[in-house]
Structures are given as C-alpha cells and as structure tokens.
> 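Here you go, one structure.
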Number of protein chains: 4
Amino acid sequence: MLTKQELRSQETKKEIIKAAGQLFASQGFDSVTMREIAKMAGCSHTTIYIYYKDKEDLLHQLAMPPLQALNTQMESILQQIDLSPEERLRTISLEFIRFCLLHRNIYTTFIGVKASRVDLEESANGINTMRISIFNLLKKALRTCFAIENDEHLLMYSRIYFFNLHGIVNTYTHSEESIVSLMERLLPTFEESLDVLFIGISEKIKGVNKN
Amino acid sequence: MLTKQELRSQETKKEIIKAAGQLFASQGFDSVTMREIAKMAGCSHTTIYIYYKDKEDLLHQLAMPPLQALNTQMESILQQIDLSPEERLRTISLEFIRFCLLHRNIYTTFIGVKASRVDLEESANGINTMRISIFNLLKKALRTCFAIENDEHLLMYSRIYFFNLHGIVNTYTHSEESIVSLMERLLPTFEESLDVLFIGISEKIKGVNKN
Amino acid sequence: MLTKQELRSQETKKEIIKAAGQLFASQGFDSVTMREIAKMAGCSHTTIYIYYKDKEDLLHQLAMPPLQALNTQMESILQQIDLSPEERLRTISLEFIRFCLLHRNIYTTFIGVKASRVDLEESANGINTMRISIFNLLKKALRTCFAIENDEHLLMYSRIYFFNLHGIVNTYTHSEESIVSLMERLLPTFEESLDVLFIGISEKIKGVNKN
Amino acid sequence: MLTKQELRSQETKKEIIKAAGQLFASQGFDSVTMREIAKMAGCSHTTIYIYYKDKEDLLHQLAMPPLQALNTQMESILQQIDLSPEERLRTISLEFIRFCLLHRNIYTTFIGVKASRVDLEESANGINTMRISIFNLLKKALRTCFAIENDEHLLMYSRIYFFNLHGIVNTYTHSEESIVSLMERLLPTFEESLDVLFIGISEKIKGVNKN
DNA sequence: GATGAATGAGCCTTCATTCAT
DNA sequence: GATGAATGAAGGCTCATTCAT
C-alpha cells in the first residue's frame with residue numbers, strides 16, 4: 001500500500017506530465033518552457049527534474065504508452081475474423097482517428113510529419129518505430145479490403161486513403177473540444193467520409209481492373 | 001525613377017525576405033535566427049530592422065502576397081464559364097494544392113490550422129481574413145459542382161473534401177522535394193484522389209436525394 | 001555505553017566523512033555534490049545535514065584532526081634529544097611530506113597556499129591557526145639545525161627550504177598513487193633532495209659566515 | 001587606422017580577458033561566473049560571447065600566448081653559446097619563475113599539476129603540449145649543466161630541481177604583490193635558492209661518480 | 001534518526017532587439 | 001542607408017539546502 005507521501009508524489013508526477021501534454025499540444029514542444037510546465041503543474045521547475053530526466057523525456061513519456069496501446073488495439077482488430085475486411089478497415093480507421101484526436105497533443109509532435117528531427121532522434125527512435133508499425137497495419141488492412149495486388153496501385157490508394165485520415169486529424173488537432181463531444185458531433189461525418197472513400201476507391205479499382 | 005542607391009536598397013530588402021522565406025521553410029519560424037537570415041541575405045542583422053519591424057513582420061510580408069495571388073487566381077478560375085463546374089472545382093483544388101506545396105513554409109505557419117496563436121494574432125489578422133476568403137471560394141465551387149442545396153449536407157461534404165486537401169498538403173508539407181518534382185511525381189495521385197472524392201460524393205448524394 | 005542505534009548512527013557519520021574525504025580528494029571540493037557523498041556513504045543526502053552543518057563543515061571536520069595529529073607528532077619529534085638537530089629536521093621534514101601526501105585532499109584545500117578564501121574564512125580559522133603552528137615548528141627546527149642567528153638569513157634559508165617541501169608535495173598532490181607506494185618509490189628521491197639542501201645550505205652559510 | 005568604435009571594441013575585449021584572468025586567478029576557473037567577469041569588465045555578460053566563444057575559450061586565450069612566448073624565450077636562451085651551461089640553466093630557471101609569477105592566474109590553472117581535466121581536454125590540448133615542451137627544455141638544460149649521463153640520476157636530480165621551482169612558484173602564486181615588486185624583493189632569495197641547488201647537486205654528483 | 005519531496009538561487013548560453021556611429 | 005557594439009530577457013539545467021513525514 002502506498003503511503004500518503006508516495007501518493008502525493010505520484011500526483012505531482014502526473015500533474016507534470018499532464019501539464020506538459022497540454023502545453024506541448026497548444027504551443028508546440030519548443031515554445032513551451034520548463035517553468036511554464038512547472039507553473040501549470042503547481043510545482044517548482046526543479047521538481048520536474050526529479051521525475052523526468054529532461055524536457056525531451058517528458059515528450060517521450062508522453063508519447064510511448066498511448067502509441068503502444070493504439071498499436072496493440074489495431075493489431076487485435078485486424079485479427080477479428082468475424083468482421084469483414086471492410087469492417088476491419090473501417091474500424092481501425094475510426095480507432096486511429098479517435099486515438100489521434102484523443103491525443104491531439106502528441107499527434108502534433110509525433111505522428112505529424114516532420115516527426116524525426118535530428119536532435120530528438122534518440123528518444124524519438126522508439127516512437128518512430130511505433131509510428132511506422134501503425135502505418136503498416138493500416139496499409140495491410142487496405143490491401144486486404146480492396147484486394148489490391150498491384151503494388152503501385154496499393155501505394156496510390158493508400159496515399160489517397162491516408163490523405164483523408166491525416167486531413168481529418170489535422171483539421172481537429174487544435175480544437176479545444178473534448179474527444180467525447182468531438183466524436184459525437186463528427187462521427188457521422190467521419191463515417192460518411194470513409195463511405196465516400198470506399199465507394200470512390202472501389203469504383204476506380206473496378207475501372208482499372210477492366211482495362 | 002530610382003537612383004542607384006535606391007535600387008541597391010530594394011535589392012537588399014528582397015534578399016532579406018528571400019532568405020527569410022527559405023530559412024523559415026527549411027527550419028521553421030522559431031528555429032531561424034535573425035543573424036542567420038542576415039548572413040544568407042548578405043547583410044548585417046541590424047539591417048533587417050531597417051526594412052522590417054521585427055521577425056514576425058518578415059513572416060507577415062512573406063505570407064500576404066502569395067495568399068492574395070492565390071485568392072485572385074481562384075476567383076478568376078471560378079469565373080471561367082467555358083469550364084464545367086466539375087472542371088472548375090478540380091482546377092482550383094489542384095491550384096490550391098500546388099500553391100500550398102509551393103509555399104510549404106508559409107502554409108505550415110498560416111494556413112495550417114493552428115494559425116491563430118495568441119502572440120501572433122496581430123499580424124495574422126490580414127492573413128486570417130485571406131484564409132477565410134480562400135476557403136469560401138472552395139466551398140462555393142463545391143456547392144455549384146455537386147448542386148447541394150441542403151446546408152447541412154454542404155457542410156458535411158465540404159468537410160470531407162477539405163479533409164482530403166488538408167491531408168495532401170500536410171503530408172508533403174515537410175518534404176524537401178522541389179515543387180516541380182513533387183507535382184510531377186504526384187499529380188496523378190492527386191488527380192486520382194479527386195476522382196475518388198468526386199465519385200464517392202456523387203454516389204452518396206444520389207443516394208441521399210433518393211431517400 | 002552506546003546503544004545499538006547509537007552505534008549505527010556513529011557508523012553513518014563516519015561513512016559520510018569518509019566518503020567526503022575520498023571524493024574531495026579525487027575530484028576537488030567544488031566538483032563533489034552532496035548527493036554523490038550520500039551515495040558513496042550509503043545514505044540519503046538529507047542525512048548528511050543531521051551530522052554536519054553544511055558542505056563546508058565536512059571539509060572542516062575532515063581537516064582538523066589530521067592537522068592536530070601532525071602538529072603533535074612534530075612537536076614530539078622536536079623534543080627527542082637523542083637525535084641530532086639535523087636528524088630532527090630531516091625527520092620532521094619527511095613526516096611533513098608523508099602527512100601532506102597522505103592527506104592530499106585536505107592539503108590541496110587547506111595547507112595549499114590559497115588557503116584563505118574569503119567565503120571559507122570562517123571555518124578555516126581553526127585550520128589556519130594550525131597551519132601557522134606547523135610552519136613555525138619547521139622554522140624552529142631549521143634555526144637549530146643550521147645554527148642561524150641572523151633573522152634575515154634564517155628567513156631566506158627557511159624560504160628556500162620550504163620551496164622544496166612545497167614543491168615535493170605539490171608535485172604529487174594530484175597523483176592517484178597510494179601513499180605507501182608513493183613513499184616507497186620516492187623516498188630515496190625525497191632524502192636525496194634533503195641531502196642536496198643540507199649540503200647546499202651548509203656550504204652557503206659557511207661562506208656567509210666567513211665574510 | 002582604427003576607428004574610435006573599433007578602439008572601444010578592442011578595449012572591451014581586453015577588459016574582459018583581463019577580468020577573466022584576475023578572477024580565474026583568485027577564485028579558480030569553476031568558481032568564477034560569466035556575470036562576475038562581465039561586471040568586473042564593465043559590460044553585460046552577453047557581451048563576452050561576442051568576443052569569446054564560451055567560458056573555456058577565455059581560459060584558452062588567456063593561456064596560450066604567454067606559454068608560447070615563454071617557450072620561445074627559453075629556446076633562444078638555450079642557444080646562446082656565449083653563456084656557460086650553468087648560466088643558461090640559471091637564466092631559464094629565473095625566466096621560468098618570472099614567467100610563472102607574472103602569469104600567476106594561468107599558472108594555477110594550467111602549469112599547475114592536475115592540468116588536464118577531462119572536460120577541458122579539447123582546448124587544453126594545445127596548452128598541454130606547450131607545457132610538456134617547456135619542461136623538456138628545462139630538463140635538457142639540466143642534463144647539459146650537470147653532465148649527467150645516467151638516466152636514472154638525471155630523473156632524480158631533475159625532480160629535485162623541479163621541486164624547488166614548483167615550490168617557489170606555488171608559494172607566491174596567490175600573492176597580490178606586483179611581479180616587479182615580487183622579483184625585486186625576492187630575486188636574491190631565488191638566486192640563493194638556485195645556488196643551494198647547484199652546490200648541493202654538484203657535491204652529490206661528485207660523490208656518486210667517485211663510487 | 002532518517003528520508004523522499006520540493007525549492008530558490010544560480011550558471012552558461014542564446015536571441016531578438018536597440019543604440020551610436 | 002548600413003553596421004558593429006551591446007544588452008535584457010529568457011531557457012534548460014544543477015545543486016545545496018529545507019521541510020514534512
């Protein structure tokens with residue numbers, strides 16, 4: 001059992017990472033100062049260094065767990081054989097969107113392109129691996145769903161598909177709305193968007209296969 | 001007529017904004033220092049302040065002209081009655097993409113959603129106006145093209161359409177490829193992407209109108 | 001009699017001062033952190049403050065006992081009337097060297113000339129007194145040994161003699177060799193060095209006295 | 001010809017290095033802060049960075065020129081064939097002493113043992129090379145002067161000789177007296193000290209050679 | 001007695017910006 | 001018009017030290 005002191009300590013640690021997440025999200029990694037984080041977390045800036053090695057460590061701790069969770073979840077969805085390929089793609093797509101919007105802060109810094117900055121490489125390594133893995137899962141789902149064999153075509157339609165996902169996430173990345181309200185309000189739009197893509201891509205592939 | 005000195009002066013001014021544009025593009029606004037800009041422009045860092053109020057002013061001056069040009073161009077395309085509505089939408093869409101990729105640097109900072117950061121608001125005002133105007137032109141083209149009367153539907157399909165455009169631009173925003181090579185390599189993908197959207201949206205609207 | 005707890009307490013106190021001594025010796029006073037000392041002593045860094053007022057106090061506690069011991073030992077050697085004056089000077093000289101090399105760490109900070117730094121003055125007071133006393137003992141041995149009556153001459157040959165002692169100690173002050181190995185390896189050199197001084201000074205004094 | 005501005009600039013640069021020299025001398029490299037240096041130099045601490053890369057650079061700039069000068073001077077003295085070997089050794093010895101006392105500040109940090117700290121290695125490299133070169137010149141003079149062929153003996157008497165030089169320098173390293181007054185007051189002592197060594201060493205070598 | 005939690009002071013360094021020439 | 005000189009504000013980070021448990 002945890003002592004009262006340990007509890008308070010854990011709380012402080014959480015407050016710090018929470019504040020970091022919020023500030024990174026709203027201002028970007030570089031613009032945020034350790035002192036700002038401390039202020040929002042209600043502690044001295046030196047306290048941060050008790051729990052986290054340095055500023056970059058905050059980013060790392062912030063990003064890894066959710067990314068791993070998403071990866072795992074997407075993998076398990078892809079193995080649900082009771083779902084049709086289309087349903088699987090649709091599900092992991094919506095899950096991906098939900099995740100990215102839930103973790104808007106991290107998304108901006110890590111999933112967002114430009115992810116691998118030279119000076120962050122070290123701690124970003126694990127994160128980059130994760131990111132690649134996630135995109136591979138999406139690509140795999142796409143190939144199965146549309147039964148695309150031609151690699152060039154797969155690449156093209158993957159791109160087109162990803163444009164949409166990226167666009168969705170990016171559009172709402174800086175929204176201040178809660179994830180619940182956001183999903184509730186826009187889920188129909190997102191689904192409609194996937195519909196549009198499914199129909200459009202299917203039609204195009206039909207045409208391609210005919211020729 | 002301009003004296004020789006005035007010519008030289010104008011040249012310096014141009015060198016500065018050119019350097020700023022290149023550096024902002026390749027390293028991001030925050031990471032660039034005034035001294036770097038000055039070095040690339042071949043002048044002292046203090047000279048910059050003769051022509052531009054401050055660092056932010058550089059960004060502003062950098063962003064407005066292209067945005068205005070884009071706006072004008074889009075307006076003129078929309079008035080070409082020899083084109084079908086679909087061709088007009090397709091043309092301004094590709095133009096928008098081309099523009100955003102050409103001005104990746106500015107896009108990131110201004111068209112990019114996060115645009116209105118508190119500390120930039122002042123100089124961003126003019127830019128924000130421009131941005132809204134541009135999106136309205138796109139929306140107008142969409143309404144005409146798909147003959148959507150229901151406002152709610154228009155909003156939804158506009159969003160879906162924009163997701164794609166945003167996604168495209170965002171994906172290549174940080175690419176180091178030249179605009180020429182980028183467009184040459186990916187134009188088919190972009191066009192295919194618009195195809196997919198046109199087909200998908202059209203199909204969906206048909207279904208909607210039937211019910 | 002001491003309780004078991006008191007014993008443990010005394011042990012901790014000793015571990016701390018021992019660790020401090022070692023670390024000050026190998027890294028210098030400023031470079032050592034309280035946390036390092038605590039780690040090496042096997043306790044929390046806050047525990048140090050239970051036994052010692054502050055970092056400087058550690059230095060003080062570290063320096064006084066050995067200095068007092070040296071002082072006492074030198075005094076007792078000077079009183080051994082079974083030794084010739086020259087043997088007495090030689091013995092306390094070697095003893096002084098041995099001591100300084102044994103306590104290289106403290107030497108650097110305290111015997112070393114620079115001793116009286118403004119910010120250390122307070123705690124250095126006792127130490128400074130000790131230092132002066134030690135040098136007076138050496139000077140006394142010199143006067144007796146060379147039978148120098150002229151104060152000016154005494155001062156000059158004392159200086160010359162001290163130059164040598166200082167030089168010896170200073171040269172090996174930062175050596176990582178153990179005191180045993182150091183003395184074993186260099187004792188002949190040290191003795192030869194004293195020989196050289198004895199001969200040189202004696203000869204010079206003869207000449208002086210003749211004139 | 002230098003403009004008034006350039007003159008002032010040079011002056012500032014000199015004030016900075018002068019202040020750094022004094023402060024490093026009296027407090028040691030680590031204990032001195034850039035702000036202290038700036039304050040003593042009468043400028044802002046940021047100004048220092050205009051003229052010197054960083055704190056370490058100050059140390060480097062402070063140490064190299066004098067060391068090179070000393071090295072050159074010692075070499076030229078050794079080549080004066082109109083002087084006897086003894087006179088040459090005596091001259092470079094006094095020169096060495098004069099130099100070390102003149103540059104007391106640098107001596108402490110660089111000639112002083114412990115010179116090569118890991119984190120300073122890079123900039124200290126040139127300095128270390130210089131130091132070694134200087135000591136080799138002294139050794140060479142010793143060998144010639146006392147005609148010592150046996151390497152072991154040379155090593156021993158070199159050590160003894162160096163003890164004295166080190167001792168002299170170290171004793172007055174922290175004196176606040178001017179170099180002029182210092183040399184004037186103590187030159188006889190230094191010369192007497194060298195006399196003592198010459199006589200002592202010569203006598204000892206005679207004895208050794210007899211056996 | 002002993003410790004983990006927390007902090008204020010301070011350090012080196014960078015940068016946008018102003019001033020005097 | 002143009003520039004080198006100079007600076008204040010700020011940032012990441014470390015450390016000796018105190019406090020509550």
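Just so you know, these numbers come straight off a predicted model, no measurement behind them. Throughout, a chain's letter reflects where its sequence line sits, starting with A, and its residues are numbered from 1.
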> In whole angstrom, what separates D/Y52's OH from E/dT14's P?
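Going from OH in D/Y52 over to P in E/dT14 covers 17 Å.
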> Let me know the distance between CD of D/E6 and P of F/dG4, rounded to the nearest Å.
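For the pair D/E6 CD and F/dG4 P, the rounded distance is 10 Å.
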> Whole angstroms only, please: what is the NZ-C1' distance between A/K4 and E/dT3?
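Nearest whole value for this atom pair: 17 Å.
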> Taking atom CD as the centre, does C/Q68 end up with more than 12 heavy-atom neighbours from other residues, nucleotides or ligands that are less than 6.0 angstrom away?
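Enclosed.
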> Please confirm whether any donor atom in the side chain of A/R35 sits under 3.5 Å from an acceptor in the base of F/dG12, or the reverse.
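Yes, the side chain and the base share a sub-3.5 Å donor-acceptor pair.
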> Let me spell it out: for each of A/Q5 and D/G42, pick the nucleotide of DNA chain F with the closest heavy atom. Which residue's pick is nearer the 5' end?
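The residue whose closest nucleotide sits nearer the 5' end is D/G42.
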> For B/K53 and E/dT18, give me the distance from atom NZ to atom C1', rounded to whole Å.
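Nearest whole value for this atom pair: 13 Å.
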> According to the Watson-Crick and G-U wobble definitions, with both distances under 3.5 Å, which nucleotide is paired to F/dT21?
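Checking every strand shown, F/dT21 finds its partner in E/dA2, with both distances under 3.5 Å.
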> Can you tell me how far P of F/dC15 sits from NZ of C/K39, to the nearest Å?
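From C/K39 NZ to F/dC15 P: 12 Å.
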> In terms of the nearest nucleotide of DNA chain E, which residue is placed more toward the 5' end: C/S44 or B/K55?
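Result of the comparison: C/S44.
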> Test your reading of the model: is there a side-chain donor-acceptor pair from B/K55 to the backbone of B/F29, 3.5 Å cut-off?
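Present.
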> When you match A/R8 and B/T33 each to their closest nucleotide on DNA chain E, which lands nearer the 5' end?
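The residue whose closest nucleotide sits nearer the 5' end is A/R8.
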> Give every donor-acceptor pair under 3.5 Å between a side-chain atom in residues 43-50 of chain D and any protein atom, sequence neighbours left out.
from  : atom 1 : to    : atom 2 : distance (Å)
D/S44 : OG     : D/T46 : N      : 3.2
D/S44 : OG     : D/T46 : OG1    : 3.0
D/T47 : OG1    : D/S44 : O      : 3.4

> Picking from F/dT17, F/dA2, E/dA16, which would you name as closest to the side chain of C/Y49?
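When the side chain of C/Y49 is considered, F/dT17 is the closest of F/dT17, F/dA2, E/dA16.
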> Measure distances between side-chain N and O atoms of A/H45 and base N and O atoms of E/dT7, and say whether any donor-acceptor pair falls under 3.5 Å.
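Looking at the base of E/dT7, it does not pair with any donor or acceptor on the side chain of A/H45 (distance under 3.5 Å).
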> Touch check for D/T47, heavy atoms < 4.0 angstrom, all strands: base, sugar-phosphate only, or nothing?
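Base contact - D/T47 has a heavy atom under 4.0 Å of at least one base atom.
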> Rounded to whole angstroms, how far apart are CZ on D/F29 and C1' on E/dC11?
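Roughly 12 Å, once rounded to whole Å.
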> Paired with F/dA16 by Watson-Crick or G-U wobble geometry, both distances under 3.5 Å: which nucleotide is it?
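Across any shown strand, F/dA16 pairs with E/dT7.
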> Search all heavy atoms of B/H103 against all heavy atoms of B/P66 and return the closest pair with its distance.
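The answer is NE2-CB, 3.6 Å.
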> Between F/dC13, E/dA16, E/dA2, which nucleotide has the shortest distance from any of its atoms to the side chain of C/I50?
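Given the options F/dC13, E/dA16, E/dA2, the side chain of C/I50 is closest to E/dA2.
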> Let's see if you can work this out: which of F/dA5, F/dC19, F/dT7 has an atom nearest to the side-chain heavy atoms of C/T46?
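Of F/dA5, F/dC19, F/dT7, F/dC19 is nearest to the side chain of C/T46.
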> Round to a whole Å and report the spacing from CG of D/L23 to P of E/dC11.
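Answer to the nearest Å: 12 Å.
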> So if I take every side-chain heavy atom of A/Y51 and compare against E/dA16, E/dT18, E/dA6, which nucleotide ends up nearest?
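From the listed options, E/dA6 comes nearest.
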> Check whether A/E36 reaches the backbone of A/T33 with its side chain - one donor and one acceptor, N or O, closer than 3.5 Å.
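Judged by distance alone, yes, a pair lies under 3.5 Å.
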> How many whole angstroms separate atom CG of A/L58 from atom P of F/dG12?
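After rounding, the gap between these two atoms is 11 Å.
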> With a 3.5 Å distance limit and no angle check, can you tell me whether D/K13 reaches the backbone of D/Y52 through a side-chain donor-acceptor pair?
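No, the answer is negative, given that no donor and acceptor are paired below the 3.5 Å cut-off.
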> Among F/dG12, F/dA16, E/dA6, find the nucleotide with the atom closest to the side chain of A/T12.
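Out of F/dG12, F/dA16, E/dA6, the nucleotide with an atom closest to A/T12's side chain is E/dA6.
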